[in-house]
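This report refers to the structure that appears directly beneath it.
In what follows, chains carry the letters A, B, and so on, assigned in the order in which the sequence lines appear, proteins first and then strands, with residues in each chain numbered from 1. Predicted, not measured: the structure shown is a model, and the values here were computed from it.
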2 protein chains.
Amino acid sequence: MDPEESNRKAEILDAALEVFAEVGYRKATIKAIASRAGLKSPALIYWYFPNKEALLKATIGAIAPAVAQVENAGMIFELPLEVALPMIGKLFLSALDMPKTPQLIRVFFGEAIHNPEVVRPLAESGPLLVLNLLVEYFRRQVEHNHISGHNPAALARAYIGGLLVYMMGKVLFPPLGEGAPPPDEYLNEVVGVFLRGLKG
Amino acid sequence: MDPEESNRKAEILDAALEVFAEVGYRKATIKAIASRAGLKSPALIYWYFPNKEALLKATIGAIAPAVAQVENAGMIFELPLEVALPMIGKLFLSALDMPKTPQLIRVFFGEAIHNPEVVRPLAESGPLLVLNLLVEYFRRQVEHNHISGHNPAALARAYIGGLLVYMMGKVLFPPLGEGAPPPDEYLNEVVGVFLRGLKG
DNA sequence: CTCACTTGATTGAACGTTCAATTAACCCTT
DNA sequence: AAGGGTTAATTGAACGTTCAATCAAGTGAG
């Protein structure tokens, strides 16, 4: 059976995510990851993974599918703005409550600059997925004349940006989060502005 | 006199900014920074700076004041939304054209997670400065009943977020920038939404 | 001569990775 | 069931390299 079989690998991946999130890929040592996983020797990691970079890729690869769980994505296209925008907003901000999200965000930004390829799957199964969904949604809204004179690509980015900055303030760079209202209040404000702003 | 006197120091700081931006603080080696600065020995760096971390701090400290050049910041409070919002937007996006901005953004995000204290001056003299300016601006607009029922802290973050995401797409994480409209078109759209969104 | 500055060589620690050797788990034959 | 043989998992020690930091020896201007 699986439960015992691949325990080690999963333990190592969990430990790696923790350590990577705490100190970053380059500062994270194989030794630290090993001892976090309860191994008595760092060498054991090399029985499961060829090298440190492969461990990073596997860590991200293991979690990316879980991030991509946007269910019934297509049905959003049928919904009016008043429902769709808050829904996507909640989807985004509710991720903050999941235990691994802060870790993932930290790993992502820590590597986004110097290892964009490695970390890309994470973005593609999370924010980029939602962004593209939203672009397509706005495009259809324009097409059906529910809104007019708007640029879907710009709208979607601005909306996602408003949410992203809030998350960055919570998880990434606390000075940015100081003075920010609670999530639901924030979301209300942003949704309100966009709803009125789109009905022009 | 200064011009020759502190040339070396300035050269080292320039080289350090370049290398830090290219490969990140931890991967950047003293040797690489030295040779980038035209030095024949890495040891010389230690005559000007006590250690690598001090070099990073100095690099940021040297550039932060230049970033903070928001002239006549106070006068914005007198301007109506239709003028103030595009102005702040241009201020933000025009930074992309300055040669060192991409480097600074890369250094900032590369260290924001694991060295928030070091990199904080950079944020405080750039985006956080503008953010606080904007919060105060919105607060006064509400106070004077030019807009009502709005949360200044949320509004300002959402607006800055819209701009920030655009910059991140350009400089930090290209996949996010793919499909984005040109700066002026983007800014027009965002400003339009917020202007209409605020007149509720 | 002196002092600010510059250099090549060196040191010592940290780290990723390898490896030979040991132990645990499993399977097959009798 | 028992025992021998094969594979999987695990370990500690060691190697080779990288790199920040130090050092002692220069240089050249005043």
Side-chain angles (χ1 to χ4, degrees), chain A residues 1-62 107 110-111 114-115 117-119, chain B residues 1-62 107 110-111 114-115 117-119:
Chain A
M1 295 260 184
D2 280 338
E4 292 301 326
E5 176 178 315
S6 61
N7 250 4
R8 267 289 182 266
K9 203 165 185 173
E11 283 170 14
I12 293 175
L13 287 173
D14 281 350
L17 177 59
E18 284 184 26
V19 178
F20 285 150
E22 282 170 18
V23 302
Y25 172 70
R26 276 199 73 88
K27 199 173 175 180
T29 68
I30 293 288
K31 202 172 148 191
I33 296 171
S35 76
R36 181 73 64 102
L39 314 183
K40 292 188 180 165
S41 163
L44 186 53
I45 290 182
Y46 289 89
W47 199 87
Y48 293 94
F49 305 93
N51 52 43
K52 193 183 174 187
E53 190 185 346
L55 177 57
L56 172 62
K57 286 181 185 169
T59 302
I60 290 169
V107 171
E111 291 307 299
H114 308 113
N115 269 331
E117 337 77 43
V118 172
V119 95
Chain B
M1 32 191 85
D2 281 339
E4 291 300 326
E5 176 178 316
S6 61
N7 249 4
R8 261 296 135 74
K9 203 164 184 174
E11 283 169 15
I12 294 175
L13 287 173
D14 280 351
L17 177 59
E18 285 183 26
V19 178
F20 284 151
E22 283 170 18
V23 302
Y25 171 70
R26 277 199 74 86
K27 201 174 175 181
T29 68
I30 294 288
K31 202 172 153 192
I33 295 171
S35 78
R36 181 72 63 101
L39 312 183
K40 293 188 179 163
S41 163
L44 186 51
I45 289 183
Y46 289 91
W47 198 88
Y48 291 95
F49 306 93
N51 53 43
K52 193 182 172 187
E53 190 184 347
L55 176 57
L56 173 63
K57 286 181 183 168
T59 302
I60 289 169
V107 172
E111 291 307 300
H114 309 113
N115 271 331
E117 337 77 44
V118 172
V119 94

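The side chain of B:Leu39 lies closest to C:dT7 when the candidates are D:dA21, C:dC5, C:dT7. For A:Pro42, counting side-chain heavy atoms from C-beta on, the closest listed nucleotide (C:dT17, C:dG8, C:dT6) is C:dT17. Comparing C:dT18, D:dA20, C:dG8 by their nearest atom to the side chain of B:Ser41 picks out C:dG8. The listed nucleotides are C:dT6, D:dA21, D:dT10; the one nearest the side chain of A:Leu44 is D:dT10.
Nucleotide C:dG12 holds its C1' atom 17 Å from the CG atom of B:Asn51, rounded to whole Å. Rounded to a whole Å, the NZ atom of B:Lys52 is 15 Å from the P atom of D:dT18. Between the P atom of C:dA25 and the CG atom of A:Asn7 lies a distance of 13 Å, rounded to the nearest Å. Separating the CZ atom of B:Arg8 from the P atom of D:dG28 is a distance of 14 Å, rounded to the nearest angstrom. Following rounding to the nearest Å, B:Trp47 (CH2) and D:dT22 (C1') show an atom-to-atom distance of 16 Å. Nucleotide D:dG12 holds its P atom 7 Å from the NZ atom of A:Lys40, rounded to whole Å. Rounding to whole angstrom units, CG of residue A:Leu56 and C1' of C:dG16 are separated by 15 Å. Atoms CZ (B:Phe49) and P (D:dA20) sit 15 Å apart, rounded to a whole Å.
At a non-hydrogen distance threshold of 4.0 Å, A:Ala28, A:Thr29, A:Ile30 from residues 14-38 of chain A come into contact with DNA chain C.
For B:Ala43 and A:Pro50, each mapped to the nucleotide of DNA chain C holding its nearest heavy atom, the one lying further toward the 5' end belongs to B:Ala43.
Put simply, B:Tyr48 has a side-chain N or O that comes within less than 4.0 Å of OP1 or OP2 on C:dT6.
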Quiz prompt | Evaluation steps, side chain to side chain contact (heavy atoms under 4.5 Å, CB included), between A:Thr29 and A:Val23 | solution = CA-CA 9 Å; A:Thr29 68; A:Val23 302; over 6 Å; no
Exercise. Could you walk me through whether A:Leu17 and A:Leu13 pass the side chain to side chain contact (heavy atoms under 4.5 Å, CB included) test, one step at a time?
Key: CA-CA 6 Å; A:Leu17 177 59; A:Leu13 287 173; over 6 Å; no
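Among residue pairs with one or both ends in residues 8-42 of chain B, those qualifying as ring pair (Phe, Tyr, Trp, His ring centres under 6.0 Å) are B:Phe20-B:Tyr25; sequence neighbours excluded.
Interatomic distance, A:Glu53 CD to A:Leu55 CG, rounded to the nearest 0.5 Å: 10.5 Å. For the atom pair B:Ile33 CD1 and B:Glu11 CD, the distance stands at 14.0 Å (nearest 0.5 Å).
With a 4.5 Å cut-off on side-chain heavy atoms, B:Glu111 and B:Val118 do not count as touching.
Remark: the backbone N or O of A:Arg26 is not paired with any side-chain donor or acceptor of B:Lys27 at under 3.5 angstrom.
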